[in-house]
Amino acid sequence: MFYDFKVIEEKWQKFWQANKSFHAEIDSTREKYYLLEMFPYPSGKIHMGHVRNYTIGDVASRFKLLEGFNVMHPMGFDAFGQPAENAAIKNKTKPDSWTHKCIKEMETELKKMGFAYDWEREISTCDSSYYKWNQWIFLKMLERNLAYKKASGVNWCASCQTTLANEEVVEGGCWRCKTKVEQKNLEQWYLKITEYKERLLEDLAQLKDWPERVRAMQNNWIGKSSGVDIYFRVKDSDQVISVFTTRADTIFGATYIVLAAEHPMAGALIKGRAQEKEVLKFIQRVTQESKIVRTASDVKKEGVFTGAWAINPVNNEEVPIWIADYVLMEYGTGAIMAVPTHDQRDFLFAKTHSLALKIVIQPKCKPVLNEKQMTEAYEGGGQQVNSGEFNGLDNLIAQEKIALWMEKEGLGKIQTHWRLRDWLISRQRYWGTPIPIIYCSKCGIVPVPYKDLPVELPKDAPFTREGGNPLAKVKAFVAVNCPKCLGPARRETDTMATFFDSSWYFLRFCSPDFGSAPFNLPETKYWMQVDQYIGGIEHAILHLLYSRFFTKFFQDLGMIDFSEPFGKLLTQGMVLKDGEVMSKSKGNIVDPDSMIKNYGADALRLFILFAAPPETELEWDERGLEGAFKFLNRVWRIHESLKPQADIELVKVLHKTIQKVTKDFAEFKFNTAIASLMELTNACYQFGADKEVFSKLVLMLSPIVPHFSEELWEILGHKESIFKAAWPKYDAQLLVEENMDLVIQINGKVRSKITVARDISQAALEKLVLEDEKIITWLAGKPLQKFIVVPQKLVNIVI
RNA sequence: GGGCAAGUGGUGGAAUGGCAUACACGACAGACUUAAAAUCUGUUGGCCGCAAGGUCGUAAGGGUCCGACUCCCUUCUUGCCCACCA
């Protein structure tokens with residue numbers, strides 16, 4: 001009654017494994033295709049998000065294989081990270097054994113889905129044969145001054161007991177546990193990603209096959225903004241305050257300037273002034289508050305007057321210097337000029353503290369602005385006023401002219417500022433790559449020599465909830481001799497952020513066992529770059545930006561000859577249930593394993609591809625899965641009643657389907673490809689299929705439902721695996737119909753249809769159309785204005 | 001506040017300047033069955049009509065065009081990302 005998916009799926013999974021069916025080797029005679037899905041964190045169980053991500057990738061890889069490409073489709077595990085430590089504490093085990101157990105379980109689950117991975121290339125980032133190269137890369141960066149240590153205010157998660165990168169702070173909380181992030185002053189390791197900011201920005205233009213959205217997000221994150229640094233001399237002093245603005249056109253309207261509380265000049269400015277005590281108190285309070293509280297947009301802007309005045313360099317007006325919480329030290333110069341009339345934030349601040357307003361731009365067609373009547377800042381364009389020699393100019397033109405003039409006069413400097421910060425990679429955690437550094441009281445910071453790599457992570461660190469990094473408690477690890485002076489020294493106990501691990505794993509897959517460098521150049525040259533990368537949109541900034549940075553670094557080392565790692569990128573949509581993201585906390589998880597048990601992996605794969613296009617969100621619907629299963633049974637039954645010779649009409653449908661499905665697969669439009677295959681199946685029932693037609697139907701289904709197709713392929717008498725076959729080709733001649741249905745419109749509305757010969761002449765066509773009964777009625781003798789013919793499609797008559 | 005994406009039947013979705021709603025799900029009716037399941041066949045956007053047919057209809061409004069779900073403008077709504085970024 002039903003095809004026996006349990007037996008069939010197990011049978012072919014064993015077959016593929018035993019035959020290493022999807023193992024890839026360099027083959028210069030064939031075009032390569034490197035397909036990669038973002039590797040998972042080994043939590044032990046796969047979820048629907050994995051199923052969707054990996055099914056999309058799997059279909060693409062099997063399709064490319066059938067098309068004759070030399071396909072590399074590897075899989076591995078992003079195995080370092082905090083959950084292993086938490087699990088170790090909870091289950092009284094070790095992160096190492098917990099992780100390896102999870103990897104085993106995860107492999108089993110992935111194999112049950114029938115994914116065509118080259119398991120010979122499997123890697124785990126927690127193996128020292130992998131993380132050794134993290135350390136190697138770190139040392140190379142250190143040599144080039146791209147890795148450095150500095151003390152600074154960092155994001156600290158008290159719950160995870162570790163620092164976080166800016167990229168890991170989400171809505172003021174830790175990206176992992178949502179705990180509110182605190183500010184802490186610590187000495188930490190950074191990678192100088194800012195050294196690559198221009199290239200990271202410019203090369204976005206190369207990534208034409210990336211979603212626009214991802215490029216926009218990276219663009220925003222890098223955050224290039226052009227403007228002018230303007231120099232304000234402090235009155236009765238030789239100090240100069242530099243402020244950054246993108247609106248040089250408003251410089252004549254600056255009525256005060258504001259420093260960030262952390263601004264290094266603040267102390268000197270207030271020294272000996274009446275306001276000193278009050279200001280110091282304010283600074284202390286503000287700097288202790290976490291950045292997140294300070295930057296929450298609903299918080300009222302607070303500030304104090306320093307007692308000092310500055311001179312506006314363009315008109316020598318004296319303006320008061322304030323310190324306020326809404327100016328950030330991290331951006332620009334840590335100081336701003338405030339133009340309350342043309343900046344809403346400045347406007348609110350000025351109103352609160354009764355500061356002066358001065359209009360310098362008048363809108364062109366709206367009512368004239370008046371300082372006394374303004375209720376909000378005017379941020380639009382217009383004509384310069386109160387701006388000396390620039391009066392009357394359009395503000396956008398003035399913006400450029402003022403900037404050039406100021407630079408010429410030495411009043412300022414045309415300047416570009418960036419949002420991108422250096423990448424903080426130190427983590428006060430155990431389960432990560434040890435940073436290969438030794439601290440010696442005599443020699444200072446000493447890198448571990450290459451020959452001593454890897455610095456192995458000790459497996460027996462004590463695990464308790466309290467007391468910080470367990471690694472620091474392993475004496476045998478910490479105590480070491482300095483490689484330079486051989487005296488007693490101390491190891492770095494911070495480990496690397498796990499995003500380091502995933503920033504180059506796609507290169508390791510090219511030569512996973514290579515022992516003398518992170519990757520082997522000839523193999524890398526053959527396989528890279530990744531032709532198609534598939535993963536979640538949540539990695540649009542972090543992982544993809546870091547990977548691009550690493551790739552450019554390897555290029556600079558001369559190890560590779562390309563600058564971008566991923567050619568095409570597909571970000572698959574999320575799997576929803578009842579309109580919400582599936583999550584444990586919401587309790588709306590659907591377990592893939594139980595779906596496999598009930599309907600089989602093939603039906604699950606089919607449903608998940610059919611229910612929505614890859615990029616859009618997918619609403620989970622078990623009835624849809626049931627439908628997919630029914631469809632497979634319907635296809636299965638065809639083989640029980642094959643005819644010796646198929647009807648020509650069916651053959652025509654077949655060739656149309658081949659054309660459509662080939663195109664759809666190439667464009668990742670799996671949902672419409674499946675719809676076409678369903679139509680072909682319906683036609684098989686209508687006309688009766690022969691072995692030829694049915695074989696091709698099965699072949700086209702095989703990337704989607706591989707076990708099912710292998711079994712039918714065998715039943716049809718083929719001796720080799722279906723994945724050794726070639727993708728079917730269509731006969732263009734069979735697609736050409738002699739006759740065609742022609743749509744007749746009157747004034748753009750469909751009024752009739754006629755069947756005509758494909759190669760009919762225009763005159764004959766016109767005659768036929770005008771003889772059509774319905775058309776005669778519609779025309780009813782009205783004069784004909786136009787007769788538009790769209791060849792092979794329709795005619796439109798305008799009356 | 002800025003950026004990006006999207007809005008089509010009861011539902012998932014198809015069509016990207018040329019027949020709106022392909023393919024499914026669901027629903028309804030029928031066949032088979034003692035019955036149910038499974039399977040097969042048919043109907044299924046709204047309104048008017050016995051029917052033939054007509055008419056309205058792709059978030060709302062406007063525009064371009066012989067012709068607009070599709071292109072342009074305005075507005076609304078939803079989702080995602082960024083954000084006191086000067």
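Sequence lines set the chain letters: A, B, ... in the order given, protein chains first and strands last, and positions in each chain run from 1. In what follows, every heavy atom counts, from backbone to side chain, and hydrogens, waters and symmetry copies are set aside.
Here B/G3 presents its C1' atom at 9 Å from CG of A/N219, a figure rounded to the nearest Å. When rounded to the nearest whole Å, the span between CZ of A/R419 and C1' of B/C85 equals 8 Å. Note: CG (A/N747) to P (B/G67) measures 8 Å, nearest angstrom. In this structure, A/Y331 places its OH atom 11 Å from P of B/C84, rounding to the nearest Å. Rounded to whole Å, the distance from CD1 on A/I537 to C1' on B/C82 is 13 Å. Spacing between atom NZ of A/K753 and atom P of B/G18 amounts to 15 Å, rounded to whole angstrom units. Atom P of nucleotide B/A22 and atom CG of A/D664 are separated by 17 Å, given to the nearest angstrom. Between the CD1 atom of A/I541 and the P atom of B/A83 there is a distance of 8 Å, given to the nearest Å.
If you take atom P in B/C48 and the same atom in B/U33, they sit 40 Å apart, rounded to whole Å. If you take atom C1' in B/U58 and the same atom in B/A20, they sit 7 Å apart, rounded to whole Å. Straight-line distance between the C1' atoms of B/U55 and B/A5: roughly 35 Å, to the nearest whole Å. For B/G2 and B/C65, the P atoms lie 33 Å apart once the distance is rounded to whole Å. The separation of B/U77 from B/A68, taken at their C1' atoms, amounts to 22 Å, rounded to a whole angstrom. Taking atom C1' in both B/G57 and B/C19, one finds a spacing of 15 Å when rounded to whole Å. As rounded to the nearest Å, B/G26 and B/A37 have P atoms that lie 13 Å from one another. Nucleotides B/A38 and B/C28, compared at atom P, are 13 Å apart to the nearest Å.
Applying the 90° cutoff around 0 to the glycosidic angle, B/G9 is assigned syn.
Here A/R345 reaches the OP1 or OP2 of B/C85: one of its side-chain N or O atoms lies under 4.0 Å away. OP1 or OP2 of B/A14 sits under 4.0 Å from a side-chain N or O of A/N671. For A/R213 and B/A6, the shortest distance from a side-chain N or O to OP1 or OP2 is not below 4.0 Å. Contact between the side-chain N/O atoms of A/R751 and the OP1/OP2 oxygens of B/U55 is found at a separation under 4.0 Å.
Nearer to the 5' terminus of RNA chain B, by closest-nucleotide assignment, is the contact made by A/R623 (compared with the other of A/T246 and A/R623). In this structure, A/A628 and A/T333 both approach RNA chain B, and ranking their closest nucleotides by distance from the 5' end singles out A/A628.
Side-chain contact between A/I608 and A/M48: present, with at least one pair of heavy atoms (C-beta onward) separated by less than 4.5 Å. Under the 4.5 Å side-chain criterion, counting only non-hydrogen atoms from C-beta, A/V795 is not in contact with A/I788. Side-chain contact check for A/E379 versus A/H342: every heavy-atom pair is 4.5 Å or farther apart.
Among the atoms of the strands shown, none is found under 4.0 Å from any heavy atom of A/Q344. Among the heavy atoms of the strands lying under 4.0 Å from A/F610 is at least one base atom, whether or not backbone atoms are also near. Backbone-only engagement by A/N682 is indicated by non-hydrogen atom pairs under 4.0 Å involving sugar-phosphate atoms exclusively. Residue A/P211 is classed as having no contact, given no heavy-atom separation below 4.0 Å to the nucleic acid. Within the nucleic acid shown, A/Q745 comes within 4.0 Å of at least one base atom, counting heavy atoms only. Residue contacts shown for A/R215 are absent, as no nucleic acid heavy atom lies under 4.0 Å away. In this structure, A/V790 reaches the bases: a heavy-atom distance under 4.0 Å links it to at least one base atom across the strands shown. The residue A/K749 sits close only to the backbone: its heavy atoms come under 4.0 Å of sugar-phosphate atoms, none of a base. Using a 4.0 Å heavy-atom criterion, one finds that A/V743 contacts the bases of the nucleic acid, with or without backbone contacts as well.
Between A/F2 and A/W636, the distance from one ring center to the other does not fall under 6.0 angstrom. Two rings, from A/F349 and A/Y326, have their centers less than 6.0 Å apart. Between A/F708 and A/F5, the ring centre distance reaches or exceeds 6.0 Å.
In a base pair of the Watson-Crick type (N1 to N3 plus N6-O4 or O6-N4) or a G-U wobble (N1-O2 and O6-N3), with each distance short of 3.5 Å, B/G1 is matched with B/C82. Of all nucleotides present, none satisfies the Watson-Crick or G-U wobble test against B/A22 with each distance under 3.5 Å. When both pairing distances are held under 3.5 Å, B/A15 makes no Watson-Crick or G-U pair with any nucleotide shown. Here B/A29 sits opposite B/U41 as a Watson-Crick or G-U wobble pair (both hydrogen-bonding atom distances under 3.5 Å). When Watson-Crick and G-U wobble pairs are counted only if both distances are under 3.5 Å, B/C47 pairs with B/G54. Look at B/U34: it lacks any Watson-Crick or wobble partner with both distances under 3.5 angstrom.
Checked against B/A15, B/A86, B/C23, the side chain of A/E679 finds its nearest nucleotide in B/C23. Of the listed nucleotides (B/A22, B/A24, B/A86), B/A24 has the atom at the smallest distance from the side chain of A/M678. When distances run from any side-chain atom of A/T245 to the nucleotides B/C66, B/A86, B/C82, the shortest one goes to B/A86. In the set B/C25, B/A14, B/G3, B/A14 carries the atom at the smallest distance from any side-chain atom of A/T672. Among the nucleotides B/C4, B/A86, B/U39, the one closest to any side-chain atom of A/S225 is B/A86. For A/V798, the side-chain atoms get nearest to B/C66 when compared with the rest of B/C66, B/U39, B/A83. Side-chain proximity of A/A612 to B/U39, B/C81, B/G13: nearest is B/G13. Minimum atom distance to the side chain of A/K669 is reached by B/A15, of the listed B/G18, B/C25, B/A15.
Put simply, the side chain of A/N796 and the base of B/C66 share a donor and an acceptor less than 3.5 Å apart.
With A/Y331 as the aromatic partner, A/R419 does not meet the cation-pi criteria of under 6.0 angstrom to the ring centre and within 45 degrees of the ring axis.
Checked by atom type and distance alone, the side chain of A/N312 never pairs as donor or acceptor with a backbone atom of A/F252 at under 3.5 Å.
Ring geometry for A/H543 against A/F566 counts as tilted: the plane angle lies between 30° and 60°, on a 0 to 90° scale.
Residue A/F607 forms a ring-ring contact (aromatic ring centres under 6.0 Å, His included) with just one option from A/Y599, A/W620, A/F629, and that option is A/W620.
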